S.K.: 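Sharing a structure here in structure tokens format.
Quantities reported herein were computed from a predicted structural model and do not represent experimental measurements. Residue numbers start at 1 and run along the sequence shown.
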Amino acid sequence: QVRLVEIGGGPVQAGDSLKISCEMYGRISWTNSMAWYRQTRGDCRELVAKIDGGGFTTYSDSVKGRFTISTNLYTPALHLEMDNLKPEDTGLYLCNYGEEVWGQGTQVTVSS
């Protein structure tokens with residue numbers, strides 16, 4: 001069974017950079033897609049970035065050019081490098097594996 005633990009969130013200023021990570025435990029298949037979602041009000045979850053089994057990446061329009069998703073096969077882990085952060089990037093960032101497994105999330109708060 002796969003378990004995900006997100007780390008690295010915190011309060012930052014607008015314009016700052018931050019890297020968050022998702023530590024992955026259990027039997028990981030790199031053919032599965034992996035993604036970062038952002039949860040804001042209530043249970044509304046927005047897809048931020050996704051990487052599929054072939055390494056192809058997609059990003060939401062709001063973060064394109066500022067965020068980079070990557071994997072570390074050896075740790076194993078999923079990362080999200082966030083540059084030029086904006087207040088609207090604030091939210092609970094959740095890691096997703098195979099469109100089925102979720103972590104608990106790590107909070108990112110961007111102040112202006």
S.K.: Does a side-chain heavy-atom distance below 4.5 Å link Gln39 with Gln107?
M.R.: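 Not touching, per the 4.5 Å side-chain cut-off.
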S.K.: Can you tell if the side chain of Leu85 reaches within under 4.5 Å of the side chain of Phe67, non-hydrogen atoms only?
M.R.: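 They are in contact (side-chain heavy atoms under 4.5 Å apart), so the answer is yes.
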S.K.: Before you tell me yes or no, could you show the steps for Ile28 and Val2 under side chain to side chain contact (heavy atoms under 4.5 Å, CB included), namely the whole-Å CA-CA distance, both residues' side-chain angles and the distance that decides it to 0.1 Å?
M.R.: CA-CA 7 Å; Ile28 305 298; Val2 173; 3.7 Å; yes
S.K.: Is any side-chain N of the basic residue among Glu88 and Arg38 closer than 4.0 Å to the acidic one's carboxylate O?
M.R.: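 So Glu88 does not pair with Arg38 through a salt bridge.
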S.K.: In this structure, would Trp30 and Leu78 fall into the same cluster of hydrophobic residues linked by side-chain contacts under 4.5 Å?
M.R.: yes
S.K.: For the backbone of Cys22 and the side chain of Glu6, can you confirm whether one donor and one acceptor N or O come within less than 3.5 Å of each other?
M.R.: no
S.K.: Going hydrophobic residue to hydrophobic residue with side-chain gaps under 4.5 angstrom, can you get from Trp36 over to Leu94?
M.R.: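 Cluster IDs for Trp36 and Leu94 differ.
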S.K.: Between Glu81 and Arg66, is the salt bridge (Lys or Arg N to Asp or Glu O under 4.0 Å) condition met? List the steps.
M.R.: CA-CA 8 Å; Glu81 184 80 43; Arg66 299 188 297 121; over 6 Å; no
S.K.: Check whether any side-chain heavy atom of Val110 sits under 4.5 Å from a side-chain heavy atom of Gln13, and report yes or no.
M.R.: no
S.K.: Does the side chain of Pro76 come within less than 4.5 Å of Met34's, by heavy atoms?
M.R.: no
S.K.: Does Phe56 belong to the same Ile/Leu/Val/Met/Phe/Trp/Tyr cluster as Ile51, with side-chain heavy atoms less than 4.5 Å apart forming each link?
M.R.: no
S.K.: Please confirm whether the backbone N or O of Asn72 pairs with a side-chain atom of Thr75, one donor and one acceptor, at under 3.5 Å?
M.R.: no
S.K.: With heavy-atom distances below 4.5 Å as the criterion, would you say the side chains of Ile20 and Met82 are in contact?
M.R.: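 In contact.
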S.K.: Would you say Tyr97's side chain and Ser29's backbone share a donor-acceptor pair under 3.5 angstrom?
M.R.: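 Yes, the answer is positive, given that a donor and an acceptor are paired below the 3.5 Å cut-off.
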S.K.: Going hydrophobic residue to hydrophobic residue with side-chain gaps under 4.5 angstrom, can you get from Ile69 over to Leu92?
M.R.: no
S.K.: Verify whether one side chain among Asp52 and Ser33 offers a donor that lies under 3.5 Å from an acceptor in the other.
M.R.: no
S.K.: Between Pro87 and Ser112, which heavy-atom pair has the shortest distance, and what is it?
M.R.: CG-CB, 3.9 Å
S.K.: Between Asn96 and Glu100, what is the shortest heavy-atom contact and its length?
M.R.: ND2-N, 3.8 Å
S.K.: Is the NZ or CZ atom of Arg45 positioned over Tyr37's six-membered ring, under 6.0 angstrom from the centre and within 45° of the axis?
M.R.: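 Pair Arg45/Tyr37 does not count as cation-pi.
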S.K.: Any side-chain heavy-atom pair from Val12 and Thr109 closer than 4.5 angstrom?
M.R.: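 No, too far: nothing below the 4.5 Å cut-off.
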S.K.: So which heavy atom on Ser62 is nearest to which on Glu46, and how close?
M.R.: OG-OE2, 3.6 Å
S.K.: Would you please name every residue forming a side chain to side chain donor-acceptor pair (under 3.5 Å) with Gln104, sequence neighbours left out?
M.R.: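 Gln104: no side chain to side chain donor-acceptor pair (under 3.5 Å) contacts found.
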S.K.: Can you tell if the side chain of Leu18 reaches within under 4.5 Å of the side chain of Val108, non-hydrogen atoms only?
M.R.: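 With C-beta onward as the side chain, the pair touches.
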S.K.: I want to check something: taking the side chain as every heavy atom from C-beta on, are Leu80 and Thr68 in contact at a cut-off of under 4.5 Å?
M.R.: no
S.K.: Verify the distance criterion only: is there a donor paired with an acceptor across the side chains of His79 and Ser21 at less than 3.5 Å?
M.R.: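 Present: a donor and an acceptor within the cut-off.
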S.K.: Looking at Lys86 and Asp89, is there a salt bridge between them, counting it only when a charged N and a carboxylate O are closer than 4.0 Å?
M.R.: no
